[in-house]
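Here the structure is a predicted model, which is why all the values come from computation and not from measurement. For ligands, and for the atoms within them, numbers begin at 1 and follow the listed sequence.
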Amino acid sequence: MKVLFCASEVAPFVKTGGLADVTGSLPFALGELGVRSAVMMPRYRGLQAKRKKPSKNVSIFFIEHEKFFNRAGVYGNERGDYHDNLRRFSFFCNQALSLAKEIGFKPDIVHAHDWQTALLPVLLKTRFLADAFFKKTKSVLTVHNLAYQGHFPGNQFKELGLDAGLFSVDGFEFYGKVNLLKAGLIFADRVNTVSPTYAEEIKTREFGFGLDGVVADRPVPVKGILNGIDFDLWNPGTDKKVKKRYSVEDLSGKDACKADLQKSCGFEVNPDIPLFGMVTRLAEQKGLELFSEIADKFLSLGVQFVLLGEGDGVYHTTFVNIGKRHPKTSAIYLGFNAVDAHRIYAGADFFLMPSYFEPCGLGQMISFRYGTIPVARKTGGLADTLVDADKDPKRGNGFLFEERIPEKLLEAIGRAIAAFRNKRRLRALRRRGLRADFSWRHSAKEYKKFYEEMLKS
Ligand code: ADP
């Protein structure tokens, strides 16, 4: 089976969020199952080094365009999104199909990801429809986050060079605007999203962002396939980015990582103080309001808190102010930094994810891998991966709250602190996380099955 993966970001080359983790791992995990893939992404300025472990089943291609991709940002700059993103990603999608043909990579499946490549299923059924090369090619669209749809002014539709009739309610049109993701959802042969719970949630008004009807009307229901994480990259047993290596058999290295994190945050170095971490995009989705409402009460509970985040300016201000009010017990790092992220995952006792919605969430899975216990809202992929340790002591691996009420978050945090005080329980919870297998192995098998079922039908 041959799959053409097209994405706007692929780790380790370029990453702004979980999408890159997925597109950087899934083709390789599928490669282990014998699936051959070509991965294509734009060649942005200053791409990072090559992937360390090459795979005979995966080839990576970069599409160059001086004007479109040789820029400082991936999607935009400090003034906002680039105004020509429709042209940039439309160019990329068209070129990806042309390149596949040029190199003779005849895909059984073109796998698109999010709005940036949602045009691909449309292109296969329009511009490339008569092309014998793609005659048997089917398309899959994975929605990593339905909140980002690729909206553009209606007058930009002509830049896609498609039949004007496609700018209608059954195509790209969305309240007078162009909506790239909507068209992808309509044209793709199969659509999936990144967790079973999120696949249900996006059929509702609350989480559908105007596309719930389109999602619910798909002839073949949208499937939920949970993401995995790269177990080689996220491995406390080999991680050179953290102070000391550790494993489920010997957790002592985690204590060293915590002491190291406390030191670099300027906190009191004390194993008995519970340390909460957060590594996140600073976006409304992440439930940051819930947190900021209770931040002062939380920080009066004898805890320490470290945040690494980047995103909306309003949240930058919110967190900087929290840091100023609690200089000895909170450390706020604004920016995107892979090394610091590893140190927080390893050094923290608890990882906070009060998300309003979370398509899958990687933070909780990475936390498990480092024996760090998530405290999260029960939504999307968080609901699919976490079991509350008080409700189900035998299987519990974290602390959950459901209602979007700040006090409920505080209550879950309180229960986490109580568990922290019970050393045996704490150790058991850490071990349960460390033993869990959220590697790509399972997810890749599910994707392969999903592909096979589509090709058979
Ligand atoms: P999303 O895709 O919504 O941002 P996910 O939980 O699916 O959320 O994935 C986020 C990924 O990005 C994780 O690997 C997380 O560690 C990483 N990440 C998020 N913010 C930062 C940051 N400021 N610095 C480093 N890594 C970050």
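Using a 4.0 Å cutoff on heavy atoms, Lys15 counts as a contact of ligand 1. In this structure, Pro359 does not count as a contact residue of ligand 1, since none of its heavy atoms falls inside 4.0 Å of the ligand. Within the structure, the closest approach of Lys286 to ligand 1 falls below 4.0 Å when heavy atoms are considered. Within the structure, ligand 1 has Tyr345 among the residues with a heavy atom less than 4.0 angstrom away. Under the 4.0 angstrom criterion for non-hydrogen atoms, Gly363 is in contact with ligand 1.
Ring planes of Phe298 and Phe291: perpendicular class, angle over 60° (limits at 30 and 60°).
Under a 4.0 Å criterion applied to the non-hydrogen atoms of Ile366, ligand 1 contributes the atoms 14 (O).
Of all protein heavy atoms, the one closest to atom 27 (C) of ligand 1 is Phe336 CE1, 3.3 Å. In terms of protein heavy atoms, atom 4 (O) of ligand 1 is closest to Arg281 NE, 2.7 Å. Given atom 11 (C) of ligand 1, the protein heavy atom at minimum distance is Asp21 OD2, 3.6 Å. In this structure, the protein non-hydrogen atom closest to atom 23 (N) of ligand 1 is Gly335 O, 2.8 Å. Of the protein's non-hydrogen atoms, the one nearest atom 10 (C) of ligand 1 is Gly18 N, 3.8 Å. The protein heavy atom nearest to atom 5 (P) of ligand 1 is Leu362 N, 3.7 Å.
For the residue pair Asp239 / Tyr370, a side-chain donor-acceptor distance below 3.5 Å is found, with atom types taken as modelled. There is no side-chain donor-acceptor pair under 3.5 Å between Asp212 and Thr204. Side-chain contact, Ser8 with Tyr75: a donor N or O sits under 3.5 Å from an acceptor N or O. Counting only N and O atoms by type, the side chains of Arg281 and Thr16 include no donor and acceptor under 3.5 Å apart. Looking at Tyr333 and Glu310, their side chains never bring a donor and an acceptor atom within 3.5 Å of each other.
Two residues are said to be in side-chain contact when any heavy atoms from C-beta on lie closer than 4.5 Å; Tyr451 and Val140 meet this criterion. Within the 4.5 Å cutoff, the side chain of Tyr447 has no heavy atoms near those of the Ile109 side chain.
Taking the six-membered ring for Trp and the full ring otherwise, the centers of Phe89 and Trp115 sit less than 6.0 Å from each other.
Within the set Asn337, Thr280, Asp230, the minimum heavy-atom distance to atom 24 (N) of ligand 1 is found for Asn337.
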